[in-house]
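Residue numbering restarts at 1 for every chain, and letters A, B, ... go by the order of the sequence lines. Remember, predicted model here, so these are calculated numbers, not experimental data.
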Protein chains: 2
Amino acid sequence: MATGRTHRPATRSRGIPEATVARLPLYLRALTALSERSVPTVSSEELAAAAGVNSAKLRKDFSYLGSYGTRGVGYDVEYLVYQISRELGLTQDWPVVIVGIGNLGAALANYGGFASRGFRVAALIDADPAMAGKPVAGIAVQHTDELEQIITDNGVSIGVIATPAGAAQQVCERLVAAGVTSILNFAPTVLTVPDGVDVRKVDLSIELQILAFHEQRKAGEETPESGPPAPVARTTAAAADRKGPDGDVPAVMPA
Amino acid sequence: MATGRTHRPATRSRGIPEATVARLPLYLRALTALSERSVPTVSSEELAAAAGVNSAKLRKDFSYLGSYGTRGVGYDVEYLVYQISRELGLTQDWPVVIVGIGNLGAALANYGGFASRGFRVAALIDADPAMAGKPVAGIAVQHTDELEQIITDNGVSIGVIATPAGAAQQVCERLVAAGVTSILNFAPTVLTVPDGVDVRKVDLSIELQILAFHEQRKAGEETPESGPPAPVARTTAAAADRKGPDGDVPAVMPA
DNA sequence: AAATGTGAACTGCTTCACAGCA
DNA sequence: TGCTGTGAAGCAGTTCACATTT
């Protein structure tokens, strides 16, 4: 096997827990809003509410960065904005390429919050020759043939994949071979990458399916009468010859 | 305070851990691919590889659903597809509305994997009167005024928010008031919802920022010489009057 | 008096390793 | 023999509660 991991092994990075890192952008966004309203200081309680977390967690998170608060007062907004930005590596500019300029790729290219905070769209790349040269979000689309050249010339280390699922792994391999070490994958596929390359995925249908799971349970609980929704009696029809502890066999697969 | 939580409190749902629920769609996708290739059975090892997880985790996950495998053999692909679909609530059809038909909303509407597996786009809604009536992905966009009517008439319980950040909370409240109990939020805002409503968020810039964090660390480690990247000497200039244990004050906020 | 920073307890998730079964 | 299913151990993340500091 090619020994490609798929997710970062959740190793603490320089002592900051992964879960904390994932919340820093949230805090940063809340702090930026406060900063724009010229609010000078904020308590863990207030900031936590704005970020949608609880205050103990927020304080613990900040404690990994250092002691940036003042007891009895709170946190200096501007100072924290800077510290978190620096911790996240946003004081430098990250050139990013987007591969696959369909509906989604175009939406991403047009997304404003992109350029604003440390990221810059260095190039848009698509496999369709008819797209080449067309401007999307003010940037001319380039053909996939030039992918390696673009990565190298611009020192790109972050790539966004917005291609169809079938093309994603191959695009991924070309990006990695050309020097990209962080990938944000919107294609509904598991990407296999070498060690040292980070992949994060965004997957609409997975999110919907998770929602459907909980939605289904709500429907089952409906009657606010019995406590737990009762084991739900999974046996619906003839469980017959199946070995499952319960459950029925479908005649035909749904969907 | 309005006592609105933001995230599900990670309560085990009918005994299935949240982390497991989040992986079921992944297994389902891998299994569906096997099913299409008419593969009859699969081992935990093979399936785990296809889904990008390790096999012990997969077996543990499946053990929460029941004993659906056969020792010495593996899992029956068709049977598992059905069991997972049912567990996720995909044997029924979920009507979904998408609010905010900009670049992103249109991309979502056009996304194929949507309709395929248990979800159906019941309506596209936008606040721009000029959009009303225009077909996107074969569906005529409707005006926000009709939101409540649409939700009620179609029995919609899942809503997708793809509006600008400023409009998201208000749209969210209208959706919830009209009966929606699950929301997938693409707007970069923290949504506040009443208990009983699930929110999941998809946020491009958060994902990029997390990648940037790790990318920055890679750059710091570059020289594979010293072990840990050395406390990085956070003091760059005059730390002066600041109380932080170290760290410098920026003259002007970056970004 | 107010709010941070943190040890300690707790909860949940992952991994191990092997007993049990086909 | 081969592979599942699962207790038990280990690890990461969250919450509690309070000593500490301004």
What closest approach, in Å, do B/Leu88 and B/Pro25 show between heavy atoms, and which atom pair accounts for it? CD1-N, 4.0 Å
Let me see the working for A/Tyr68 and A/Phe62 under ring pair (Phe, Tyr, Trp, His ring centres under 6.0 Å), right down to the final yes or no. CA-CA 8 Å; A/Tyr68 294 152; A/Phe62 285 177; 8.3 Å; no
For A/Glu18 and D/dG13, what is the distance between atoms CD and P respectively, to the nearest whole Å? 8 Å
On a heavy-atom basis, the closest approach of B/Val193 and B/Cys172 is CG1-SG, 3.5 Å
Reading DNA chain D from 5' onward, which residue's closest nucleotide shows up sooner: A/Gly72 or B/Gly72? B/Gly72
With a 4.5 Å heavy-atom cut-off, do A/Gln169 and A/Thr189 have their side chains touching? no
Distance check needed: D/dT4 P versus B/Leu80 CG, whole Å only. 11 Å
Are A/Arg217 and B/Asp198 ion-paired here, with the side-chain N under 4.0 Å from a carboxylate O? no
Between A/Arg59 (CZ) and D/dT20 (P), how many Å, whole number? 16 Å
Check the phosphate of C/dT4 against A/Thr70, side-chain N and O only, distance under 4.0 Å to OP1 or OP2. Yes or no? no
Distance check needed: C/dT4 P versus A/Glu45 CD, whole Å only. 8 Å
Could you tell me whether B/Tyr75 contacts a base, only the sugar-phosphate backbone, or nothing, with contacts defined as non-hydrogen atoms closer than 4.0 Å? sugar-phosphate
Please determine whether any donor N or O and acceptor N or O are separated by less than 3.5 Å between the side chain of A/Arg71 and the base of D/dT20. yes
Atom-pair distance (OH on A/Tyr79; C1' on C/dT4), nearest Å: 15 Å
When the distance from NZ of A/Lys57 to P of C/dG5 is rounded to whole Å, what number comes out? 18 Å
Rounded to whole Å, how long is the line connecting atom OH of A/Tyr64 with atom P of C/dT6? 10 Å
Looking at D/dT14, I'd like to know if its phosphate oxygens (OP1 or OP2) sit under 4.0 Å from a side-chain N or O belonging to A/Asn54. no
Which residue lies toward the 5' end of DNA chain D, A/Lys60 or B/Ser43, if each is placed at its nearest nucleotide? B/Ser43
A/Tyr68 OH to C/dT4 C1': how many Å, rounded? 15 Å
